[in-house]
Structure formats: structure tokens, C-alpha cells
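If you're wondering where the values come from, they're calculated on a predicted model, not measured in any experiment. We name chains A, B, ... by the order of the sequence lines, and we start the count at 1 in each one.
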2 protein chains.
Amino acid sequence: MTSDTRAKMVAGAADLMSRRGVNATSMREVVRHTATPRGSISHHFPRGKQQLIEDAVVFAGRQVSGPLEHLVQSRGAIAGLRTFIALWRQTLEKSKFQAGCPVLAVAVEQYVNDATEKDGAPDEAAQQHLLDLADGVFADWQRIMFTALRREGVAPARARRLAALVIASTEGTVAMCRAARSAQPLEDVRQELELVLSSALAK
Amino acid sequence: MTSDTRAKMVAGAADLMSRRGVNATSMREVVRHTATPRGSISHHFPRGKQQLIEDAVVFAGRQVSGPLEHLVQSRGAIAGLRTFIALWRQTLEKSKFQAGCPVLAVAVEQYVNDATEKDGAPDEAAQQHLLDLADGVFADWQRIMFTALRREGVAPARARRLAALVIASTEGTVAMCRAARSAQPLEDVRQELELVLSSALAK
DNA sequence: GTGAAGTTATGACGATCGTCATAATCGAAA
DNA sequence: TTTCGATTATGACGATCGTCATAACTTCAC
């Protein structure tokens with residue numbers, strides 16, 4: 001059994017990142033928030049905070065792609081869209097609009113670490129790797145939508161564009177809902193996206 | 001004439017926020033980046049970093065709403081959409097996909113300031129005010145799109161939803177483009193949004 | 001030229017940060 | 001039970017952070 005502590009830290013980091021962003025999530029708060037031993041950080045994450053963030057991004061990605069892939073395969077693209085949006089709506093409402101998407105946080109911020117970057121210049125390789133991981137998560141979600149649309153008869157190029165629209169607009173809307181402390185934008189966008197998808201499927 | 005230093009600081013803060021996010025943007029870096037005197041911070045911004053961020057959000061909002069409102073009024077909703085997306089595309093490409101949207105950064109992060117929050121709990125009022133400002137900027141952009149759609153015959157409720165879709169999806173796509181270091185998602189989303197709008201206008 | 005008000009220069013303060021080194025503790029094979 | 005590796009406890013290090021106090025420097029009306 002791989003350490004339970006490690007998993008709690010990763011999940012806690014993902015949660016904190018979704019509420020505060022990458023840079024405002026300190027390792028000390030992760031251990032406080034998850035009631036895990038501080039001394040274990042360097043043991044479970046030899047590459048430090050960078051590694052913890054990386055794992056949190058992958059974790060958050062799977063947390064969504066799991067249910068999404070399942071629903072899409074059993075009930076199709078439109079159900080997938082509804083699931084995707086419903087998942088984010090839950091996250092927003094359960095946290096009283098405090099939590100958003102940790103992957104989006106990585107895509108918006110720049111990870112800076114004063115301890116590792118002695119020369120003042122941010123570690124470009126580290127930042128690029130984080131962006132690659134975030135991009136990979138987005139690509140994975142898009143792939144699921146893309147496959148569903150293809151299976152239901154949408155042409156490849158169109159399916160790619162529609163998948164991009166669904167993921168991007170949902171991510172943007174989640175952030176807007178957080179700013180507005182309201183799920184109204186998500187409901188509006190869901191409605192329009194359903195129209196778009198069903199019109200594309202009808203052809 | 002209101003100090004030129006102050007304006008440079010606000011613009012510099014907005015730029016840094018769009019590249020690094022709110023919390024990774026330090027006042028010392030704003031000063032370095034804009035070649036402004038550090039001693040002037042507390043003079044021009046008596047409420048400190050909080051005030052600087054606030055001004056940067058409003059500044060960034062106007063920077064977009066100005067051109068957007070102009071183009072929308074002279075050439076209509078679809079031209080407005082194209083302008084909105086082209087603006088962000090410029091920001092992305094000119095910065096080699098380093099800069100995104102500073103307002104989105106505020107909507108995604110939580111502003112934490114160790115100096116002001118002695119008790120460990122983040123200043124909730126400050127954070128709420130920042131979210132209100134970000135929400136206001138998004139609402140302003142939506143209002144411009146909404147008005148254009150209304151003028152071109154779209155029903156109120158539909159116009160509201162479409163405006164939300166345009167703003168939210170563009171914001172989300174900008175972040176995705178930053179993660180992917182590519183403008184492809186923006187192009188894909190633009191294409192689909194144009195289809196949606198022109199179909200809504202045709203009715 | 002003399003003030004006064006508007007700016008800027010500079011260094012300090014307390015706090016948090018990520019990381020590391022060292023020592024203590026635990027768990028299970030021998 | 002002893003021993004050894006995995007895990008945790010704890011405190012220190014150097015760095016940056018936002019803010020503030022104080023003093024110096026401008027600018028310009030009078």
C-alpha cells in the first residue's frame with residue numbers, strides 16, 4: 001500500500017490550489033489542512049513543492065476524466081456535457097463558490113519558488129513542465145468529448161472545435177461563477193452549449 | 001496632471017499579473033519592471049498592494065472595453081466578437097504566450113497578504129472586493145456584447161446567455177492557449193462562436 | 001530666496017516561504 | 001529481541017514579502 005499520507009497531501013494540495021491558486025498554496029498549509037506530518041513532505045516528494053503541484057494537477061485531471069469518460073461512453077456526448085458542467089457546479093456550490101479549477105490556476109499563474117531560484121529568474125523548465133501537464137489535462141478532457149462527438153457522426157475537424165469550445169467555455173465560466181458567487185453563468189452557458197451540440201448532432 | 005509614475009505602476013502591475021498571477025506579482029517587481037521609484041508606492045497607493053491590484057483590474061477592464069465598445073457600435077456584434085478574440089490573440093502572441101488575462105487571474109486566485117493578515121486568516125473583505133471588481137469587468141464586457149445582440153434583434157434572455165458564452169469561452173480559451181503555447185484553441189473557438197452568433201442573428 | 005507641499009530614497013520590521021539536516025520514532029523481517 | 005529501513009519531528013537557513021518611518025530631494029507659489 002502506497003502511503004496514505006501521500007495521497008492525502010496530493011488531494012489537499014489540489015483542493016487548496018482550486019481555492020487559492022498555485023502560489024498562495026504553501027506546503028505548510030497543505031499539511032495543516034490535511035493533518036499530515038510536515039516532516040514527510042521531503043520524503044514523499046523529493047523534488048519538493050514542484051512535484052506536489054504536478055501530482056495535484058494529474059490528480060485533479062483524473063478526478064474529472066474518470067466520471068466524464070464513464071458517462072460519455074454510456075450515455076453519449078450531450079450527457080457528457082451535462083456531467084462535466086454538473087461536476088463543476090457541485091465543486092462551486094459545495095464550497096460556496098470558493099473553489100474553482102486547480103488546473104486552470106496552473107494555466108493562469110506562473111509558479112515561482114524563491115528557495116530554488118537563487119538568481120531571481122524564475123525556473124523556466126519547471127514552469128514549462130507544469131504548463132505541459134495542465135495542457136495534457138485539458139487535452140484529455142477534450143479527447144473524451146471529441147471521441148463522443150465522432151462516434152455520434154460529427155466530422156473530425158468540427159468535433160475538435162466543438163470539444164475545445166465545451167472545455168474552454170466551461171473553464172472560463174467556472175472562474176466567472178467564482179467571481180460572481182453565483183452559478184447563473186454556468187447555467188446560461190450550459191443551455192447554449194446544449195443547443196450547439198444538439199444542432200451539430202442533428203446534421 | 002495626475003502622476004505619470006502612478007499610471008506606469010498600474011499598467012506594469014496589470015502586465016505582471018497577466019503573466020504571473022496576483023500573488024506572484026510583488027510590488028518590488030512592479031517597481032523594477034516599470035523603473036519607478038519604490039518610495040512612491042505608499043504615496044500613490046496608501047492602501048498598499050490591495051489598491052494597486054484593484055486599479056490594475058479596472059485598468060485592464062477598460063483597456064478591453066474601450067476598443068470593444070467602439071467596434072461593436074460601428075460594426076456590430078460579430079465584429080465585436082472578432083475584435084475581442086483578436087485582442088487576446090495579440091496579447092498572447094506578442095508575449096510568446098506568457099501573458100494572459102489579469103482579470104481572470106483575480107477570478108481564479110485568492111489574494112493573500114501576510115503583512116496585513118497577522119492572525120493567519122486571509123482578509124475576507126479584501127478578497128471579496130477584488131472579486132467584485134473582476135465580476136464587474138466581466139459584466140461590463142458582457143453588457144457590450146448583450147447590447148449589440150439586442151440591437152440586432154436577439155431576444156433578451158438569449159442575448160444574455162450568448163454574451164456570457166462569448167466572454168466565458170474566450171477567457172477560458174486564453175488560459176488554454178497559454179498552457180498549450182498555441183493560438184489554435186482560440187482559432188477553433190472563434191470559428192464556432194461565429195457560427196453560433198450568426199445563426200442566432202439569422203432568426 | 002523661503003517655505004510648504006508633493007515626491008522619492010533608504011533601511012528596517014515582522015512575517016512567511018521552501019528546503020534541508022538531524023534526530024527521533026515506528027514496523028516488520030531476522 | 002535486535003536490527004535496519006521507512007517514516008516522522010523539529011528547528012534552522014536564507015530568501016522574499018508588504019509595510020512603515022524617517023529623511024532627503026523637487027517644485028513652485030509667494
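Near DNA chain C, defined here as any heavy-atom distance below 4.0 Å, the residues from residues 44-60 of chain B are B:H44, listed numerically.
If you take CG of A:N113 and P of C:dC17, they are 12 Å apart, rounded to a whole angstrom. Atom pair A:D114:CG and D:dT16:C1' shows a separation of 5 Å (rounding to whole Å applied). Spacing between atom CD1 of A:I41 and atom C1' of C:dT19 amounts to 10 Å, rounded to whole angstrom units. A:R32 places its CZ atom 8 Å from the P atom of C:dT16, with the value rounded to the nearest Å. Rounded to an integer number of Å, the gap from B:N23 CG to C:dT16 P is 15 Å.
The salt bridge (Lys or Arg N to Asp or Glu O under 4.0 Å) test applied to A:D123 returns no partner, not counting sequence neighbours. Residues that satisfy the side-chain contact (heavy atoms from CB on, under 4.5 Å) test with B:L195, not counting sequence neighbours, are A:R158, B:E192. For the side-chain contact (heavy atoms from CB on, under 4.5 Å) test, residues two or more places apart in sequence or in another chain that qualify with A:R181 are A:F97, B:Q128, B:L131, B:D132. By the salt bridge (Lys or Arg N to Asp or Glu O under 4.0 Å) test, B:R62 pairs with no residue at all, sequence neighbours left out. B:D55 pairs by the salt bridge (Lys or Arg N to Asp or Glu O under 4.0 Å) definition with B:R6, not counting sequence neighbours. Among residues two or more places apart in sequence or in another chain, the side-chain contact (heavy atoms from CB on, under 4.5 Å) test is passed with A:N23 by A:E109, A:Y111, A:V112, B:N23, B:A24.
Checking D:dT8, D:dT16, C:dT16 against the side-chain heavy atoms of A:S40 singles out D:dT8 as nearest. With distances taken from any side-chain atom of B:M27 to the nucleotides C:dG18, D:dT16, D:dT19, the minimum falls on D:dT19. Between D:dG18, C:dT8, C:dT19, one nucleotide has an atom nearer to the side chain of B:H43 than all others, and that is C:dT8. Closest to the A:S26 side chain, of the nucleotides D:dT8, C:dC17, C:dA12, is C:dC17.
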Please write out the pairs of protein N or O atoms and N or O atoms of nucleotides 23-28 of chain C separated by less than 3.5 Å, giving the distance to one decimal.
none

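The side chain of A:T5 contributes an N or O atom lying less than 4.0 Å from OP1 or OP2 of D:dT8.
On a pure distance criterion of 3.5 Å, no polar donor-acceptor pair joins the side chain of B:R38 and the base of D:dG18.
Ranked by how close their nearest DNA chain D nucleotide is to the 5' end, A:R28 and A:P37 are led by A:P37. Of the two residues contacting DNA chain D, namely B:G39 and B:Y111, the nearest-nucleotide position lying further toward the 5' end is that of B:Y111.
Counting only distance, with no hydrogens or angles, the side chain of B:R161 and the backbone of A:D188 share no donor-acceptor pair below 3.5 Å.
Looking at heavy-atom distances under 4.0 Å, B:T36 makes no contact with the nucleic acid at all.
Atom CZ of A:R47 has more than 12 heavy atoms from other residues, nucleotides or ligands within 6.0 Å.
Among pairs with a residue in residues 86-95 of chain B, those fulfilling side-chain hydrogen bond (donor to acceptor under 3.5 Å, both in side chains) read B:R89-B:E93, B:R89-B:E187, at least two apart in sequence or across chains.
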